[in-house]
Number of protein chains: 2
Amino acid sequence: MTTIKDVAKAAAVSTATVSAVINDSAYVSPPLRARVQAAIHDLKYEPSQMARNLKKGRSELIALIVADLANPFFARMVWAAEAAVAAWGYSLVVFNSDEKPENERKALARIRALSCDGALVVPVGLPTHYAQRDAEGRGFPTVLFGRVVDDRHSDTVTIDNVAAASQVTNYLLDLGHTRIGSITGPLHLTTGRGRLDGMLQAMAQRGVAPEPGHVRSGEFREDVAYSVAREMLDRPDRPTALYVANGVMALGVMRALADLSIHCPNDISIASTDTISGIGGLRPRLTRTEHPIIEMTNEALRLLVDRIQRGKDKPPRNVVFQPALVLGESCAPLRQS
Amino acid sequence: MTTIKDVAKAAAVSTATVSAVINDSAYVSPPLRARVQAAIHDLKYEPSQMARNLKKGRSELIALIVADLANPFFARMVWAAEAAVAAWGYSLVVFNSDEKPENERKALARIRALSCDGALVVPVGLPTHYAQRDAEGRGFPTVLFGRVVDDRHSDTVTIDNVAAASQVTNYLLDLGHTRIGSITGPLHLTTGRGRLDGMLQAMAQRGVAPEPGHVRSGEFREDVAYSVAREMLDRPDRPTALYVANGVMALGVMRALADLSIHCPNDISIASTDTISGIGGLRPRLTRTEHPIIEMTNEALRLLVDRIQRGKDKPPRNVVFQPALVLGESCAPLRQS
DNA sequence: AAAATGTAGCGAAACGATTAGCTCGGTGTC
DNA sequence: GACACCGAGCTAATCGTTTCGCTACATTTT
């Protein structure tokens, strides 16, 4: 490989001058500049980022750890993050914790070893774990995304889960439903807990109590939602409306409906929070809240880049986005029967 | 940050010894080893990959350039690639060329600047462009994925597009259909061209000629497929069966059907090649070929890692995978009417 | 006892860039 | 003409590792 020294020799100048030409960091007289550029071109020289990074203490790498790369929601986040990161002049290193604290720990270690300049993390959310991460990782530019953990030292970007769920629930209540069931995610995550709480709050405010068997939670997975839905809906006392906590789970629920020959929205109304691209093909179209993944990701990276470039001593910022209710055809007024 | 020198000083040894301890690269007597390890632990020292990489000339980074990160097919590929790369001890840097040669060129430049050890590329497939890439990038470990370009110098991993399309088409023919239409992708890509060819071959072998207006190609995008489908199907002479070239396009076609109130499979049979996860929720389930993305990605990375570690002078290898036909409920025998 | 052999650990030169500080002429001022 | 000043370009230190070659001591061989 050709190095800066080769170029310097070929152009009969010092390496300092070559560096100055490359980086425009000092005035170089036109004739010299031309000679250097000719040499660069002739030798097909390209500066080694690695050496540059070692010297400068930066890597121009931003890491993204998502909790589940197989989830289209996070896949979309990767898409948005890649674009944003590239626009800021960085490159994106992707990790998948697969909801496992152990993987997350490894990824964080790797990130520090690679001297990434910062990390955008969708935490798996185990509190014990986070105490540890915090002790080790203090000062490392990090933005937590989507699921707040009890960490007041990092920047966070989240969605208002409680509002999302109560918005959707209120819509179902407005249609006259009272036997409303829910299938939500793991309760140690705010995306699980918050959405359940939002749903229950909305019910409570109208003085409606959910039936115990109609409130279920599991993992944010299509197959889990499928089996929970099958079990809950294959009974005579099934709910007349169902709130599903995320897009992937909604797919599972719709599959269960098809298999049970329950018609939506005639036999049951379905509504969800959070959306994924694959859902666009579903019929009936789902009534749901849309979460601005792209804007959220952009904002998260803005915060991250700001912290990388402007310093770490600023107080942490917490940005909360609001979801928007989008009506499909998956809900119908309660029929008196 | 604590460096190897700090550790050396603290343990009263030379940096060479510390390095030997870290890497197990030379025998160090137990007492010294213990002292060094204690110092490492006390100072919370972690070696800088950046310095190590500069010295060793490796980066432990593998790059992935996909043609369209928003496409669930490629999103799934990122998922598989991350897992495989991690298993080999590398980290994954992701780029999105968004089907634009210019972006791909930039990504390739960036990859070389970062001294990634190798790259897995889903090429955008412009031949002119590839001549250039080849001239510059010769010798850089690269595996081309999914779309063959005219580059006999790189390893490639592809699917047999012709076989996939003719398999599906034959199935439609077996059901009695002869007015079969097709919506395929860009013809400069083998995933576009090959699938169209496969479909036409299958038709020709049975002596069936497609109607001119029923053979359409566009981009691999949901919205493009939607509008092409709307136009083709909203006419009295519409085909009785439709072959759609990929998963994302199939979603668009199904959406068009819903909007036109054409019932599948009663009014029209739909079949596609290639699958995406979001499609699982579709009803009726699509009859399609499944492409083994995960195995293909694993194989591609095996080739890549092998080339990185075993050297570049081996002859290029070209691995071709076979698709498998999966029956759904989206096709029905032709009704005589 | 001298020579040969082995070996634990050290010193210092890389890797390929950036950059502070210096040199060395040429101008401008008094 | 002496002095300060300025600007273009060079020298060399530095970033944090790895690793080659060497020392110096211990052990074995003759």
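Letters go in sequence order (proteins before strands), and every chain restarts at 1.
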*Asks:* Between C1' on C:dA14 and CG on B:Asn53, what's the gap in Å once rounded to a whole number?
*Replies:*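 Going from CG in B:Asn53 over to C1' in C:dA14 covers 16 Å.
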*Asks:* For A:Thr191, check side chain to side chain donor-acceptor pair (under 3.5 Å) against everything at least two apart and list the hits.
*Replies:*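 Scan of A:Thr191 (side chain to side chain donor-acceptor pair (under 3.5 Å), adjacent residues dropped) gives none.
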*Asks:* Could you give the CD-to-C1' distance, from A:Gln49 to C:dC15, as a whole number of Å?
*Replies:*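 So the CD-C1' distance, A:Gln49 to C:dC15, works out to 16 Å.
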*Asks:* For B:Ile40 and D:dT17, give me the distance from atom CD1 to atom P, rounded to whole Å.
*Replies:*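 Going from CD1 in B:Ile40 over to P in D:dT17 covers 10 Å.
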*Asks:* Looking at every non-hydrogen atom in both residues, tell me the closest pair between B:Val121 and B:Glu104 and how far apart they are.
*Replies:*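 Distance-wise, the nearest heavy atoms are CG1-OE2, 4.2 Å.
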*Asks:* Salt bridge between B:Arg147 and B:Glu99, side-chain N to carboxylate O under 4.0 Å?
*Replies:*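 Salt bridge flag = yes for B:Glu99 with B:Arg147.
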*Asks:* How many Å lie between NZ on B:Lys5 and C1' on C:dA12, as a whole number?
*Replies:*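 It works out to 11 Å between those atoms.
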*Asks:* Mind running a 4.0 Å heavy-atom check of residues 18-26 of chain B against DNA chain D and sending the residues that fall below it, in number order?
*Replies:*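 Heavy-atom cutoff 4.0 Å gives B:Ser19, B:Asn23.
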*Asks:* I'd like to check the side chain to side chain donor-acceptor pair (under 3.5 Å) partners of B:Lys100; sequence neighbours left out, ordered by chain and number.
*Replies:*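 For B:Lys100, the residues satisfying side chain to side chain donor-acceptor pair (under 3.5 Å) (neighbours in sequence not counted) are B:Asp98.
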*Asks:* If the condition is side chain to side chain donor-acceptor pair (under 3.5 Å), which residues does A:Asp306 pass it with, not counting sequence neighbours?
*Replies:*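 For A:Asp306, the residues satisfying side chain to side chain donor-acceptor pair (under 3.5 Å) (neighbours in sequence not counted) are A:Lys314, A:Arg317.
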*Asks:* Is there side-chain contact between A:Phe145 and A:Met77, with at least one heavy-atom pair below 4.5 Å?
*Replies:*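 Counting from C-beta outward, A:Phe145 and A:Met77 do come under 4.5 Å.
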*Asks:* In B/S/- notation, 5' to 3', how is nucleotides 7-14 of chain D contacted by protein heavy atoms closer than 4.0 Å?
*Replies:* -SSBBB-B
*Asks:* For A:Glu295, give me all partners under side chain to side chain donor-acceptor pair (under 3.5 Å), at least two apart in sequence or on another chain.
*Replies:*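 For A:Glu295 there are no side chain to side chain donor-acceptor pair (under 3.5 Å) partners, ignoring immediate neighbours.
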*Asks:* Can you tell me which residue pairs pass the salt bridge (Lys or Arg N to Asp or Glu O under 4.0 Å) test with a partner in residues 18-42 of chain B, sequence neighbours excluded?
*Replies:*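 Qualifying pairs: B:Asp24-B:Arg33.
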*Asks:* Take atom CE of B:Met50 and atom P of C:dA17, then tell me their distance rounded to the nearest Å.
*Replies:*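 B:Met50 atom CE is separated from C:dA17 atom P by 14 Å.
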*Asks:* In sequence, state the C-alpha distance, the side-chain angles, and the governing distance for B:Trp79 and A:Val94, and then conclude on side chain to side chain contact (heavy atoms under 4.5 Å, CB included).
*Replies:* CA-CA 9 Å; B:Trp79 172 74; A:Val94 174; over 6 Å; no
*Asks:* Could you tell me the separation between the CZ atom of A:Arg52 and the C1' atom of C:dT19, rounded to a whole number of Å?
*Replies:*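 Rounding to the nearest Å, CZ of A:Arg52 and C1' of C:dT19 are 13 Å apart.
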*Asks:* List in chain and number order the residues that pass side chain to side chain contact (heavy atoms under 4.5 Å, CB included) with B:Lys9, two or more places apart in sequence or in another chain; answer none if no residue qualifies.
*Replies:*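 Partners of B:Lys9 by the side chain to side chain contact (heavy atoms under 4.5 Å, CB included) criterion come out as none, since no residue qualifies.
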*Asks:* Using atom CZ of A:Arg58 as one end and atom C1' of D:dC15 as the other, report the distance to the nearest whole Å.
*Replies:*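 Taking CZ of A:Arg58 and C1' of D:dC15, I get 13 Å after rounding.
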*Asks:* For residues 45-62 of chain B, which residue pairs qualify under salt bridge (Lys or Arg N to Asp or Glu O under 4.0 Å), counting only residues two or more places apart or in two chains?
*Replies:*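 Matches after skipping sequence neighbours: A:Arg110-B:Glu60, A:Arg112-B:Glu46, B:Arg58-B:Glu60.
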*Asks:* Could you go over nucleotides 25-28 of chain D and give all protein N or O partners under 3.5 Å, atom names and distances?
*Replies:*
none

*Asks:* Identify the residue among B:Thr15, B:Thr17, B:Leu43 that makes a side-chain contact (heavy atoms from CB on, under 4.5 Å) with B:Val7.
*Replies:*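 Answer to the side-chain contact (heavy atoms from CB on, under 4.5 Å) test with B:Val7 among B:Thr15, B:Thr17, B:Leu43: B:Leu43.
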*Asks:* Who are the side chain to side chain contact (heavy atoms under 4.5 Å, CB included) partners of B:Val319, not counting sequence neighbours?
*Replies:*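 Result, side chain to side chain contact (heavy atoms under 4.5 Å, CB included) vs B:Val319: B:Val157, B:Glu299, B:Leu303, B:Phe321.
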*Asks:* Please give, in whole Å, the distance from C:dG16 C1' to A:Met1 CE?
*Replies:*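 One finds 9 Å between C1' of C:dG16 and CE of A:Met1, rounded.
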*Asks:* Can you pull every protein N or O that's under 3.5 Å from an N or O on nucleotides 23-27 of chain C?
*Replies:*
none

